[in-house]
Amino acid sequence: MQKILVAYDGGDPARHALDTAAELARLTGASVAVVSVVPTHPGRFPVDPWDDTSVHAQELLDARRTLREKGIEAELIEPTGDPAPTIERIAEEGGYDTVIIGSRGLNAMGRILQGSVSEHVATHARATVVVAR
């Protein structure tokens with residue numbers, strides 16, 4: 001394990017993913033980057049509160065502060081796009097060998113209606129994927 005990418009949205013599962021990444025980085029000496037994807041919605045203007053780039057920027061700063069408290073310096077990445085494919089693309093292009101992502105714990109209906117970013121990343125990324133709960 002040399003390069004860890006943490007997908008982060010500020011929720012409890014994402015904070016657990018951040019803690020997992022910090023522990024693994026401490027144990028292996030891996031570098032860490034944190035990505036917070038600003039979702040785009042083709043055909044409509046983003047209106048969801050989590051679509052705001054300032055929200056994502058603050059989440060990334062909070063993640064950096066949390067990691068610094070654990071002795072880990074992290075690169076911050078804030079792209080726009082469809083979250084799952086964007087995380088997968090960044091992992092591939094950046095040469096990350098590990099992706100850590102939180103699971104929102106959606107039930108079957110929630111996964112059908114919203115889709116599961118963690119499930120998509122776990123089944124499509126070429127890197128090792130750790131789903132933190």
Side-chain angles (χ1 to χ4, degrees):
M1 187 175 303
Q2 296 178 2
K3 291 182 77 176
I4 299 170
L5 180 65
V6 182
Y8 191 75
D9 67 5
D12 287 337
R15 284 191 286 276
H16 187 64
L18 202 62
D19 291 340
T20 301
E23 183 64 24
L24 288 172
R26 217 181 354 246
L27 291 171
T28 65
S31 64
V32 176
V34 181
V35 60
S36 181
V37 180
V38 180
T40 55
H41 302 283
R44 73 171 180 86
F45 183 79
V47 295
D48 298 323
W50 51 85
D51 288 343
D52 187 342
T53 57
S54 66
V55 171
H56 288 267
Q58 186 59 51
E59 288 170 350
L60 287 171
L61 293 175
D62 292 343
R64 174 180 276 163
R65 184 177 54 251
T66 298
L67 288 170
R68 279 186 176 159
E69 290 170 359
K70 297 173 183 293
I72 306 292
E73 285 298 322
E75 175 186 0
L76 303 180
I77 306 168
E78 187 182 2
T80 60
D82 186 4
T86 301
I87 293 165
E88 294 156 14
R89 178 184 53 78
I90 289 170
E92 178 76 19
E93 291 175 358
Y96 293 92
D97 53 18
T98 306
V99 177
I100 303 177
I101 188 167
S103 171
R104 289 195 346 212
L106 297 175
N107 62 24
M109 184 56 71
R111 285 192 301 278
I112 291 168
L113 295 174
Q114 299 177 32
S116 169
V117 174
S118 59
E119 182 177 332
H120 195 282
V121 172
T123 58
H124 290 84
R126 293 189 177 160
T128 297
V129 178
V130 176
V131 179
R133 298 186 188 275

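Since the structure is predicted, the reported quantities are computational estimates derived from the model, not experimental observations.
Hydrophobic clustering (ILVMFWY, side-chain heavy atoms < 4.5 Å, transitive): V32 and M1 are in one cluster. Taking hydrophobic clusters as Ile, Leu, Val, Met, Phe, Trp and Tyr residues chained together by side-chain heavy-atom distances below 4.5 Å, V117 shares a cluster with V131. Criterion: ILVMFWY side-chain heavy atoms under 4.5 Å apart, direct or through other members. Under it, L61 and I72 are part of a common hydrophobic cluster. When the side chains of ILVMFWY residues are joined at heavy-atom separations under 4.5 Å, either directly or via intervening members, L5 and L67 end up in two distinct hydrophobic clusters. A continuous path of ILVMFWY side-chain contacts below 4.5 Å connects V6 to L76, so both sit in one hydrophobic cluster.
Annotation: R126, atom CZ; neighbour count of heavy atoms from other residues, nucleotides and ligands within 6.0 Å does not exceed 12. Within 6.0 Å of CD in Q58 there are more than 12 heavy atoms belonging to other residues, nucleotides or ligands.
Closest non-hydrogen pair, Q2 versus D97, comes out as N-OD2, 2.7 Å. Of all heavy-atom pairs between V34 and A63, the closest is CG1-CB, 4.0 Å. Taking each heavy atom of A91 and V99 in turn, the nearest pair found is CB-CG2, 3.7 Å. Nearest heavy-atom pair, I77 versus L60, reported as atom, atom and distance to 0.1 Å: O-CD1, 3.6 Å. Nearest heavy atoms, D62 versus R65: OD1-NH2, 2.8 Å. Between A30 and K3, the shortest heavy-atom distance links the atoms CB-N, 4.2 Å.
Taking CG of L18 as the reference point, atom CD of E59 lies at 11.5 Å (rounded to 0.5 Å). The CD atom of E69 lies 13.5 Å from the CZ atom of R64; values are rounded to the nearest 0.5 Å. Put simply, OG on S103 and CD on E119 are 9.0 Å apart, with the number rounded to the nearest 0.5 Å.
Across I87, T98, I101, a single residue satisfies side-chain contact (heavy atoms from CB on, under 4.5 Å) together with V129, and that is I101.
R26 and E23 are joined by a salt bridge, as a carboxylate oxygen and a charged side-chain nitrogen come within less than 4.0 angstrom of each other.
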Checklist entry - Hey, mind stepping through E88 and H120 against side-chain contact (heavy atoms from CB on, under 4.5 Å) and telling me if it holds? => result CA-CA 9 Å; E88 294 156 14; H120 195 282; 2.5 Å; yes
